[in-house]
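Worth knowing before you read on, the calculation uses all heavy atoms, side chains too, and leaves out hydrogens, waters and symmetry mates. Predicted model, so just to flag it, every value in this text is computed and none were measured. Per chain, numbering begins at 1; letters A, B, ... match sequence-line order.
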2 protein chains.
Amino acid sequence: MEQKLRMTHQREIILAELKKNTSHPTADELYEKVKKKLPRISLATVYRNLEILSAAGMIRKLEISGRQKRFDWELTEHNHIYCVQCHRVDNIELEKKNLQPVQSTQRKGYEISGCRIEFYGLCPKCKNIEKKQGVKKMACNPTVLSDKQREVLEALANSTEPCGSKDIAGATSLEPKQISCQVTALKKKGYVASPVRCKYEITPEGKDALN
Amino acid sequence: MEQKLRMTHQREIILAELKKNTSHPTADELYEKVKKKLPRISLATVYRNLEILSAAGMIRKLEISGRQKRFDWELTEHNHIYCVQCHRVDNIELEKKNLQPVQSTQRKGYEISGCRIEFYGLCPKCKNIEKKQGVKKMACNPTVLSDKQREVLEALANSTEPCGSKDIAGATSLEPKQISCQVTALKKKGYVASPVRCKYEITPEGKDALN
DNA sequence: TTGTACATGGTAATCATTATCAGGTCAATA
DNA sequence: TATTGACCTGATAATGATTACCATGTACAA
């Protein structure tokens, strides 16, 4: 059952790229890097090798917050801190490891095999950005417009003053019923503002989004 | 921008089901429970409400290992322990919270806003199961057979003695080249064993899998 | 009352990951 | 030394979890 590992060129490059720095890349971040050296490599190969290498104990698969798994070449016990904004991950050393041999009465019958400690906060870069522009617009997701949303937004862009939803319905091909739903979505994206109740206007961000 | 929450019937039931016990259900676990009371509820509604309620601070979205997010109605600071086998999650209290005001030199410029501590191991149930049957067959994934795999496995089931891949090729419609690949996959699933090099036979698990 | 903000169910789309498969390479045995 | 099968690869399909979209429904404020 024991599998024998071959050190193929692809595997070598993947390992080398991972060890190059202490970032804790996701599979596809690593894929992008490796692709520069091996343009024909497949994403599946990267996933496969990261899986195999971590199963063999040559690297570690990290279980940190966020949906994507990250990988670490450092096998020694250490903990991580990650940025809730940009999801960057750094190593962190705890000075006293004195913690948590949890009292047996508290173990709930579990056989504990380990403990993961993870700090979170803002990395230096994101801290600065936030200072500059206030907390407000965390322009995270690209927020693509659907056709209907774009139509509504264009109608608002063509108007010089705030519109009610009837005005919008008139200027577009959409049913009055559908307007509210679209406007709400646009408001959530920050592309539309409501200066008065039931009147809407396009925001600068909304204008940008049209281009 | 402030959103106002309405306590709809669906939302009420979702909250009630979540608060019923201290399990930390995933969205679809909760969906299954809620469906018993509201058979017409949509999975999307459950996701939407869990998202809204946690954004409003009424419940907490947990960032624990595993790909699915879990939800917790307890807002007080506490930590979790989870089973690496069945992914059950329980609360755990740390007696001394003395740890980790990390030394400023170690913070790498981060503005730390919190820390997550997570134990892992085997829950009582899985501990027992493992004792009974040894560590070996962690029959996790159902390991469905592809058509080709099933064909190979059937061929092996019909033979009384270990086969080489040429024998398998003869007994199936498959090209000799394809056999190795299929056999390897089957071995990984534990359905095929190799008593001698280059000879294969079906395992009891493999026979079970055929039915 | 009426319009609209907030909701919902159904479903499509997205994202990350895993599985499948045909074909390639290399090391070990016949 | 030729062969054979273990291990790999790139391409791509499939899966699982989550999110987005949309038509429609409901209830609160003007």
>> Starting the side chain at C-beta, find the nucleotide from C:dT8, C:dA5, D:dA6 nearest to B:Thr45.
In response: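 Selected nucleotide: C:dT8.
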>> From the set C:dG10, C:dA7, D:dT19, return the single nucleotide nearest to any side-chain atom of B:Arg40.
In response: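 Of the options given, the side chain of B:Arg40 lies nearest C:dG10.
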> Of A:Gly164 and B:His9, whose closest DNA chain C nucleotide lies nearer the 5' terminus?
Replying inline: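 The answer here is A:Gly164.
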>> Salt bridge or not between B:Glu17 and B:Lys20? Use side-chain N to carboxylate O under 4.0 Å.
In response: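 Salt bridge present between B:Glu17 and B:Lys20.
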>> Return the CG to CD distance between A:Asn49 and A:Glu12, rounded to the nearest 0.5 Å.
In response: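 With rounding to 0.5 Å, CG (A:Asn49) is 11.5 Å from CD (A:Glu12).
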> Reading nucleotides 21-30 of chain D 5' to 3', which nucleotides get B (base under 4.0 Å from a protein heavy atom), which S (sugar-phosphate only), which -?
Replying inline: SSSB-B---S
Which atom pair, heavy atoms only, marks the closest approach of [X] to [Y]?
{"X": "B:Val183", "Y": "B:Val192", "answer": "CG1-CG1, 4.3 Å"}
{"X": "B:Tyr31", "Y": "B:Val46", "answer": "CD1-CG2, 3.9 Å"}
{"X": "B:Gly109", "Y": "A:Lys127", "answer": "O-NZ, 2.8 Å"}

> Hey, does the side chain of B:Lys166 come within less than 4.0 Å of D:dG5's phosphate (OP1/OP2), counting only N and O?
Replying inline: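 Checking D:dG5 against B:Lys166, no side-chain N or O comes under 4.0 Å of OP1 or OP2.
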> Would you say a side-chain N or O of A:Thr8 is under 4.0 Å from OP1 or OP2 of D:dC7?
Replying inline: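 No.
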> In chain order, what residues pass the salt bridge (charged side-chain N to carboxylate O under 4.0 Å, His left out) check against B:Lys166, with sequence neighbours excluded?
Replying inline: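 Counting only residues at least two positions away or on another chain, B:Lys166 forms no salt bridge (charged side-chain N to carboxylate O under 4.0 Å, His left out).
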> Will you find, in the side chains of B:Tyr82 and B:Asp90, an N or O donor that is under 3.5 Å from an N or O acceptor?
Replying inline: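 No.
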> Is a side-chain donor-acceptor pair under 3.5 Å present for B:Glu118 with B:Ser65?
Replying inline: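 Looking only at side-chain atoms, B:Glu118 and B:Ser65 do form a donor-acceptor pair, the distance falling under 3.5 Å.
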>> Using 30° and 60° as the class boundaries, would you call the ring planes of B:His80 and B:His24 parallel, tilted or perpendicular?
In response: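 Perpendicular.
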Spacing of [X] atom [atom1] relative to [N] atom [atom2], expressed in whole Å:
{"X": "B:Leu50", "N": "C:dT8", "atom1": "CG", "atom2": "P", "value": "11 Å"}
{"X": "A:Glu12", "N": "C:dT25", "atom1": "CD", "atom2": "C1'", "value": "15 Å"}
{"X": "B:Ile52", "N": "C:dT8", "atom1": "CD1", "atom2": "C1'", "value": "11 Å"}

> Base, sugar-phosphate alone, or nothing: which one does A:Tyr200 contact when heavy atoms must sit under 4.0 Å apart?
Replying inline: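 Result for A:Tyr200 = sugar-phosphate.
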> Contact class for B:Ile41 vs. all strands (heavy atom < 4.0 Å): base, sugar-phosphate, or nothing?
Replying inline: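 It contacts sugar-phosphate atoms only.
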Can you name the atoms? Protein N/O to nucleotides 15-17 of chain C N/O, anything below 3.5 Å, with the distance.
residue : atom : partner : partner atom : Å
C:dA16  : OP1  : A:Gln68 : NE2          : 3.2
C:dT17  : OP1  : A:Lys69 : N            : 2.7
C:dT17  : OP2  : A:Tyr47 : OH           : 2.5

